[in-house]
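Working notes, structure below.
Remember, it's a predicted structure, so these values are computed and weren't measured experimentally. Whatever order the structure lists them in is the order used to number ligands and atoms, beginning at 1.
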Amino acid sequence: MRITIQANSGELAFECDGTERLLYAGLTQGLKLPYECGTGTCGTCRGRVVEGSTVVEWDEAPGFARLKRAKGDVLMCQARPATDCVIRVPANIAADASSPTLPRHRTGRIERVRRLNAEVIDFEVALSAPMTFEAGQFVVVELPSLRGGRAYSMVNFAPDASRLRLVVRQKPGGGFSNWLFGGDVEGSGVGVFGPLGHATFHPEEGRNLVCVAGGSGLAGMMSILERARREDYFRNHKGQVFFGVRTLADGFYLEELAEHVAAAHGNLQVTLALSHAPAETPTHPRYPGIALAAGLVTDVMAAATGGRYDNPVAFLAGPTPMVDIALRMLIREARLPPAFVRYDKFT
Ligand code: FES
């Protein structure tokens, strides 16, 4: 079926069969359609169907909350075409089908499942075809037995990666996390769509890194640190990582973080912020390269930096309240240019 997009910047078209979601089909064909989560929660992929009809996969998706469905509004990440369609999308949309990071569908197999603590599991997906992605990007993982997809940031970074390393925190009522925590999932097949996401690290920008993560939001930061280390980025640039957890026992990837600190020529500081426990020593008892501080991760960042940042690019990931506070501190109070404060809304 032919899908015509009427954007602010002009008209574009792509093909989409009735089994494919509009957003995914457009992205795979190089249209830079607006999106953030890719999974029905953020509302960014809004379009108004002015001709033709669609079938909506997940009617109760939170992203519909502010849409006028009676006027034909759909979430393009949740809608499949039933006919040729003309869709009005209020955005400027470019097209580039030559990008090496163009998202597409792959399949994968779950391997090397490791429990990092009571609530966090790390695993790898062996891909059916290698994927090139930017540090900081994510994929949507789909299970045949569950409706819809879940978005997870890559923990690793490698050009042309044949494996993705992902981390999942158990959530009450979380279908995918309950499945993962529930039993023997090694070898299970999954669908993978990606790479997706705009909160990406580009070493050529030459900026000092500020990373603020809560819980499993650390995933994308690990990918960014891996890329930085591969390029010896911290020989000439500085980095600060603030990682918020409840107690010392909730920290994970600490060994890898300590290794990044040791390889960074004294230019990388990592602080573990404990929101529900005191910091009994100034540094982690097992990983002395990692500082400890008590408090919310955003308060710990504010105390450590004094609200002053030198030529920074900031990456934020974690619970929405944490991201909102960090945005206020960095953009409204410290007046960093929004282009250098990056996050993807996909929780
Ligand atoms: Fe579709 Fe977020 S709701 S991209």
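Listed by first and then second residue, the ring pair (Phe, Tyr, Trp, His ring centres under 6.0 Å) pairs involving residues 26-64 are Y35-H198 (not counting sequence neighbours).
Remark: E124 pairs with R112, R163 by the salt bridge (Lys or Arg N to Asp or Glu O under 4.0 Å) rule, at least two apart or across chains. For R246, the salt bridge (Lys or Arg N to Asp or Glu O under 4.0 Å) partners two or more places apart in sequence, or in a different chain, are E119, D250.
A donor and an acceptor atom, one from each side chain of H237 and N311, are nowhere located under 3.5 Å apart. For the residue pair R227 and N156, no side-chain donor N or O sits within less than 3.5 Å of a side-chain acceptor on the partner.
Residues L102 and P195 share a closest heavy-atom pair of O-CD, 4.0 Å.
Within the protein, the N, O or S atoms lying under 2.8 Å from atom 1 (Fe) of ligand 1 are C45 SG, C77 SG.
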